[in-house]
Amino acid sequence: MLVYDNRLSGVRVHAFSTGQVAVKKPYRQWRGVEALRIPALVTSPSWTEWLPIWSYLVEFPDMKVLIDAGETPRVNEEGWFKERTKNEWLLKRLIRFKIELSQGIGAQLQRAGIDPRTIDYTILTHSHTDHAGGLSDLAGIPVVMSRKEFDQSQRFLLGAVSEKWPSGIEFKLTDFPDTDALFKGADHSLHPQLSLVSTPGHTDGHLSVIVRDGELSLFFAGDVTFNQSQLADKRIPGISASFEHAYATMGAIRSYALYHQTIYLPSHDPDIITRLDQRKTLTRNEVVTYTGQRPV
Ligand SMILES: [Zn+2]
């Protein structure tokens, strides 16, 4: 679905929801002691409503990039996670998918008349299955991700199923500085209007993508938060690998949005269509209260 079309600059964004996901409610938002979050997530009986799994295609006049590949319909096949039994046991208790065969990214690109061979890069915000599962439809397109995320996905990272990725992928791995509070170590090498920034928290190697279109910054935030109010209210997702990094990342985005007109676009937020359509940027009120301190 074409959700952003600037005829003057030629920047266009298509959003494809590759099915739906539900997670345990404390997975989306957690208030409590960090160390208790995983047992709480596993045992919680309450699930969120069904949420989208966005894969974004960004078109510049001279380049096309896909931001996240979404989930593959094959995720519900019996034994899909079986090579990683710990993954299978945990994932079934944390996350559910509802995906039709027609909702895989390959099928959706085809219906939209977009030849995958014209896509220059697939950028992964992180390697979790609901962001990387669709790689199986995108063989031949170079994959961009952070080196830290790649390394963890090849060893063990809860939620990543890298053994199902197609063989022969050409990876372009980005190294970020260890701490990068104001995105000073951004990688601008793919396109002059596109920056990769380090946004750890959900996973250690998580990145976000900033696309600049004139005065506007489209901030593709992956799973930094599930929605915009979480960013504005400093509410942390329970699934974060590190609460400290997650808070620092939210602070960095809020600081960025204080100085740039920023449309915030996480991967599981149903409101991104309205936000892009109406060019709704983060307001000063939503970001100015951040003090740089971890909230209590
Ligand atoms: Zn996700």
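Remember, it's a predicted structure, so these values are computed and weren't measured experimentally. The chain is numbered in sequence order, starting from 1. We count ligands from 1, going down the list as the structure has it; atoms in each ligand are counted the same way.
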(message) Using a 3.5 Å distance criterion without hydrogens, assess whether the side chain of Gln261 forms a donor-acceptor pair with backbone atoms of Arg279.
(response) no
(message) Tell me whether Ser55 contacts the main-chain N or O of Asp68 through its side chain, where contact means a donor paired with an acceptor under 3.5 Å.
(response) yes
Over 12 non-hydrogen atoms of neighbours within 6.0 angstrom of [atom1] in [X]:
{"X": "Asp62", "atom1": "CG", "result": "yes"}
{"X": "Glu170", "atom1": "CD", "result": "no"}
{"X": "Arg111", "atom1": "CZ", "result": "yes"}

Taking distance alone, no hydrogens or angles, what donor-acceptor pairs closer than 3.5 Å link side-chain atoms of residues 138-145 to residues at least two apart or in another chain?
none

(message) If we only look closer than 2.8 Å, how many protein N, O or S atoms does the Zn ion (ligand 1) have near it?
(response) 4
